[in-house]
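Residue numbers start from 1 in every chain, and the chains themselves are labelled A, B, ... in the order their sequence lines are given, proteins ahead of strands. These numbers come from the heavy atoms of this one structure, side chains and all, not from hydrogens, waters or symmetry mates.
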Amino acid sequence: MTYNINEKGYYGEFGGAYIPEMLYPNVEELRQNYLKVMAEPEFQEEFNALLKDYVGRPSPLYFAKRMSEKYNTKIYLKREDLNHTGAHKINNTIGQILMAKRLGKNRIIAETGAGQHGVATATVCALMGLECIVYMGEIDIARQAPNVARMKMLGATVVPALSGSRTLKDATNEAIRDWINNPVDTHYIIGSVVGPHPYPDMVARFQAIVSEEIQWQLKEKEGTTKPNYVVACVGGGSNAAGAFYHFLDDTEVKLIAVEAAGKGVHSGESAATSILGKEGIIHGSKTLLMQTPDGQITEPYSISAGLDYPGVGPMHAHLYKSGRAEFIAITDDDAMTAGLQLCKMEGIIPAIESSHALAVFEHKKFQPEDIVVVSLSGRGDKDLETYINHFKL
Amino acid sequence: MTYNINEKGYYGEFGGAYIPEMLYPNVEELRQNYLKVMAEPEFQEEFNALLKDYVGRPSPLYFAKRMSEKYNTKIYLKREDLNHTGAHKINNTIGQILMAKRLGKNRIIAETGAGQHGVATATVCALMGLECIVYMGEIDIARQAPNVARMKMLGATVVPALSGSRTLKDATNEAIRDWINNPVDTHYIIGSVVGPHPYPDMVARFQAIVSEEIQWQLKEKEGTTKPNYVVACVGGGSNAAGAFYHFLDDTEVKLIAVEAAGKGVHSGESAATSILGKEGIIHGSKTLLMQTPDGQITEPYSISAGLDYPGVGPMHAHLYKSGRAEFIAITDDDAMTAGLQLCKMEGIIPAIESSHALAVFEHKKFQPEDIVVVSLSGRGDKDLETYINHFKL
Amino acid sequence: MNRINQKLQEKTNEKLLSIYFTAGYPNLNDTTSIIQDLEKSGVGMIEIGLPFSDPLADGPTIQASSTQALKNGMTTEVLFNQLKDIRKTVNIPLVIMGYFNPILQYGVEAFCKKCQEIGIDGLIIPDLPVDVYNDQYKTIFEKYDIINVFLITPQTSEERIRFIDSISKGFIYMVSSASVTGSSSDFGDVQTEYFKRIANMKLKNPQVIGFGISDHTSFMQATTDARGAIIGSAFIKHLNSEGTGKIHRFIGDILEA
Amino acid sequence: MNRINQKLQEKTNEKLLSIYFTAGYPNLNDTTSIIQDLEKSGVGMIEIGLPFSDPLADGPTIQASSTQALKNGMTTEVLFNQLKDIRKTVNIPLVIMGYFNPILQYGVEAFCKKCQEIGIDGLIIPDLPVDVYNDQYKTIFEKYDIINVFLITPQTSEERIRFIDSISKGFIYMVSSASVTGSSSDFGDVQTEYFKRIANMKLKNPQVIGFGISDHTSFMQATTDARGAIIGSAFIKHLNSEGTGKIHRFIGDILEA
Ligand SMILES: Cc1ncc(COP(=O)(O)O)c(C=O)c1O
Ligand SMILES: Cc1ncc(COP(=O)(O)O)c(C=O)c1O
């Protein structure tokens, strides 16, 4: 039994490719080629060289001494915040841009919530000299202004998504529409483990470097490749997918996925997808999503633009349904407090997304001998205004 | 003959400790201890562990393919922008905070221009749980707002310097005043290779990791430890000192220091210290500085807060005077253009300080077989507003 | 025999005009009167859009109408209620066009059963792919005699078109060009070539062309080689500017110029 | 004999009051009249501040006066010009207090020579450290009979105080507490203990205490064990509020309460 994907593109009952016929050639081309391309030695070489020399991998596995003392357990932070562009997102965009080049595409589109994926996409497009269009919800454009500025600097066109909740879901709709309209020359770089098969699997494989590194880094530091817990926040689920990947089928390693409870799981303003969601179809994938009884997708809410998404990747839907991972929902306030605490205790300003994962320590008690690895998925430079306003600093 | 410091604390005729008696005990304590402490194996171990696991070192040496093609030479970027907090400054603050702890200090002060050193200091203070006060010119507080927000998040107190040009020079004056007023419990973490001996040497040694890494990284990539050129911007000179350090006495490696010409070297609004400066005393050190015939220190100008300083470290004064390094002055406009070019060609948004170094390629022609290492001293997140306004993006 | 097959197999030179509209738009209870007016105006088939919050194959016009319809209170239940007596007054084929998630939530079998009860003849579900339909839902659709309509586009390979033709029952929905709904209305050489190419394939199912048809000219172009054409966004735009009172005029203009 | 030594060796119980002011402040040409008024008011020694753009040992009051003086046009050349006839009217010791850079730019020897010509008796250069003075400038100063005044602080070690005493010629400038100029005016136990400690060292040079003295009380406290005291910021503040007209009153208040 595996918690990973099967040959049909499903994690348990979740996944698949629920796409309009207009997207069939593109998605099919990708499905037929992605594993083959990824297995090519030249691809591996180019991918790994860029991860090392451009992204700055390996990202450190940092023992957070003061936090560990406070919570009386061994806390390690996987420092994806130190990657070029400031989050885990670039692992995936590096992989996908190399894929897109091999598929002969010269126009790149992407959706973005927090802007990290948009920046990461704009970055690799600049690196390869390709045109780049990024869709971003109007609300997110306002609350993640630094990332919008960065995308512009990098030469990308940022197109506001004006429909629905004007956040990540709607940006994704717009990106899919663009792809439908440009089926030949365009590759759509999805930013998380969502969307039609093979995206969830492809993105998870590009992010898998995170858990691969955790294994040997932990071996160096603790003499074991196995943490007791791996904790990650879940928007679409890509940083969690990367951090969990090599532990998926090793049930000795407990997995904790942290979702955004917004103003409270049952406040009506939340993005706690797995707890509130039901099975359904969103953005081409069968998964859990927040919806009305009538099947309309609910507008989610989170203070964090990267978690403000009503769905979750099919891998995570399966991890939830099967009980393989524990799912925790953290409110805006608790996340912000955990984020500020990390600033003050460890000198690291986390992305608000990552702050949700950090809040696990106020939520759950660990044993002194437990090794708890937290995915610090991104840095908080993009969130300074939100933090400052929240705490009236 | 060496271009490094002598046992009296001088680089050639530059350096020394021109300090008021009030600072004598502090500076003397440091002078007597710094080499001893730095040589302790436990210090080395702690320093190196933090550089690796916390800062994310080694920083990559990245071959900039598209830039290299454009300029028909081999361009490597030393990616200090990927360090935790986004610049080379943290190499020094990690070292100094460990030094301060060993000297029993529990209150830390710092000056900052671009805010990178302030953030790096606030960061290590949070890490060690020490009080932190950062002095910053009022003008710089306005033009580097993101870094001010970061310092607040990290729990530091940011005190505006209201005198003079209200930039880095004045912040340094204020920090020195604070130190005079708090001579027992306080360590002053100077952010560059300036100030009284032993600061220039101590900071250079902490930054020397940069050229140490360049040597073995270049060996891996090009089979030689010696670049033909090392290029770095010079504010006070710490990133240049780090990038030059292990090449100082190897004259086969040519050194290029890039200063800020502001609106033009002779426009009256410039910070091209070595070209415009004369020998004198600034902030406790004998060096080159911009001054009136009467010995009053001139108010400098640069679009880049980190280069907006009327002095230069004594090492650089000596490199200039001896001809060991070539000094180039780059205007605001040329720096900004070079910065935007890096965004668009390599997907890296550089700090405006670093953009000055990148402008060398429009200024000087290199041979196709030349290996040119450029110190990419910091990332441009702090400068987004300046870039966006400058280019009306 | 399913009304769709009846209609499309009529021996006539007349080209079929099919109109798409969003149920519950402009007002919640306009649904039945719009259907009745369309039939009276000479429309041959109607696609009733079940509005969805995230209609990712639709352009801005249909998106906006869906958003409004949902605001008006449209739900699957409400739509079925509005349509329950529709067959007392309307004879032309009726197709529901909707995204898969609302149908899944209703239950695919319950949805098909209800369609049959009411007299809905077919479904167009853009995000229900062919293989999933074939593997999981075909038998249900057939049990209730609901025709599932598949789309093809200019990018669909010949092999796949033949496969889709082999499993199609009513007609093939030819997307005119690579685009979401509501894009430009002039067909150039690329499209007409595509129309010809498909016509020459001599498929067993008739083809109806949709996307980008907005007036008499584009309707005539589209139906040169195809059995019929579908107008959606242009009709919604007409409702936006003229309301529901002048449907007859709009259809008249399309059919006769 | 240098006027400083003469003055400090006078056998008297009277405590020496030394006043610091910034040359060229409040107005460029106030320098000589302020000096004359100070002498007439009973001041025993004067420190003429050569303003500097970056006076890092000074608090806000003296900083501001320096900035204004520079704006007024004060330069080393101007100051020497203003002072060229000062010895025609003034007899008490005059000391120039300035940062090292302007002196260095003028040329240390030229500066000392000029001081001797004019009749300046000593220099206080806070950022010229003892060892640099000893190694490089001592002979020049001595050649022109200019006394270089060294500072000690509460943090200065006994050993270093003895060394400074050994190389000092006029007096030792005792910084009252760890601070830049212009800090609080009350001396607590810590300071008085420090004053006693130094007095008990029986140094060969007399001590004059500066920093933080602002009124009669603090003047009396400071001079309990020391030969004299220096007032700077408080005098500048007086000039700020009262102008140059009431110097006599200010000095009177300090000396007699
Ligand atoms: C820093 C950071 N962490 C987490 C996320 C959430 O995405 P995912 O769940 O795919 O990791 C985002 C999304 O933008 C992000 O920027
Ligand atoms: C990114 C960056 N580069 C360079 C500098 C200039 O300092 P230095 O010359 O000491 O390297 C600064 C100063 O703040 C900086 O932030």
Side-chain angles (χ1 to χ4, degrees), chain B residues 8-10 13 15-29 31 111 161-165 169-186 195-197 278-287 289-299 310-311, chain D residues 50-60 63-64 66-67 70 73-79 98-107 111 124-133 135-136 149-157 160-161 164 172-175 177-183 211:
Chain B
K8 290 199 163 159
Y10 282 83
E13 60 198 286
Y18 293 78
I19 48 163
E21 185 63 27
M22 296 82 109
L23 291 180
Y24 180 84
N26 261 325
V27 172
E28 183 61 13
E29 179 184 28
R31 191 186 66 77
E111 87 297 341
L162 305 171
S163 63
S165 51
K169 160 175 88 69
D170 313 284
T172 309
N173 290 341
E174 290 306 331
I176 293 176
R177 288 187 185 110
D178 181 311
W179 209 21
I180 288 176
N181 287 335
N182 296 281
V184 179
D185 62 339
T186 298
H197 179 66
K278 282 195 349 216
E279 288 173 34
I281 310 290
I282 183 171
H283 296 139
S285 168
K286 183 181 266 185
T287 185
L289 62 142
M290 290 162 54
Q291 50 184 314
T292 65
D294 202 40
Q296 306 296 340
I297 301 178
T298 308
E299 297 190 358
Chain D
L50 175 61
F52 183 49
S53 54
D54 295 78
L56 46 75
D58 287 304
Q63 275 178 62
S66 298
T67 304
L70 291 171
M74 183 49 70
T75 66
T76 311
E77 207 60 74
V78 168
L79 179 61
Y99 288 82
F100 192 40
N101 196 52
I103 296 168
L104 198 61
Q105 298 313 313
Y106 196 90
F111 198 94
I124 304 176
I125 310 172
D127 58 343
L128 175 61
V130 177
D131 55 340
V132 177
Y133 170 79
D135 292 355
Q136 298 180 47
V149 178
F150 300 105
L151 279 57
I152 64 169
T153 81
Q155 271 68 48
T156 312
S157 67
R160 186 166 171 84
I161 292 172
I164 286 173
I172 289 176
Y173 190 138
M174 269 179 70
V175 176
S177 64
S179 68
V180 293
T181 59
S183 304
F211 287 51

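- With a 4.5 Å cut-off on non-hydrogen atoms, D/Leu70 touches chain B through its side chain but not through its backbone.
- Interface residue D/Asp58: only backbone heavy atoms are found under 4.5 Å from chain B.
- At a 4.5 Å heavy-atom cutoff, the contact between B/Asp170 and chain D is made by side-chain atoms alone.
- Looking at B/Pro196, neither its backbone nor its side chain comes within 4.5 Å of chain D, counting heavy atoms on both sides.
- For a residue to count as touching a neighbouring chain, one of its non-hydrogen atoms must lie under 4.5 Å from one of that chain's; by this rule D/Pro51 touches chain B with the backbone only.
- Interface residue D/Thr75: backbone and side-chain heavy atoms are both found under 4.5 Å from chain B.
- For D/Ile125, no part lies under 4.5 angstrom from a heavy atom of chain B.
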Item to check | Criterion side-chain hydrogen bond (donor to acceptor under 3.5 Å, both in side chains) on B/Asp294 and D/Gln105, from CA distance to verdict | outcome: CA-CA 6 Å; B/Asp294 202 40; D/Gln105 298 313 313; over 6 Å; no

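- Between B/Glu299 and B/Lys169, none of the side-chain N atoms (NZ, or NE/NH1/NH2) sits under 4.0 Å from a carboxylate O, so this pair counts as no salt bridge.
- Only the backbone of B/Ala17 comes within less than 4.5 Å of a heavy atom in chain D; its side chain stays farther off.
- With a 4.5 Å cut-off on non-hydrogen atoms, B/Tyr24 touches chain D through its side chain but not through its backbone.
- Residue D/Leu151 touches chain B through both its backbone and its side chain, counting heavy-atom pairs closer than 4.5 Å.
- For chain D, the nearby part of B/Leu289 is the side chain; its heavy atoms alone come within less than 4.5 Å.
- With a 4.5 Å cut-off on non-hydrogen atoms, B/Glu28 does not touch chain D at all.
- Residue D/Tyr106: no heavy atom, backbone or side chain, is found under 4.5 Å from chain B.
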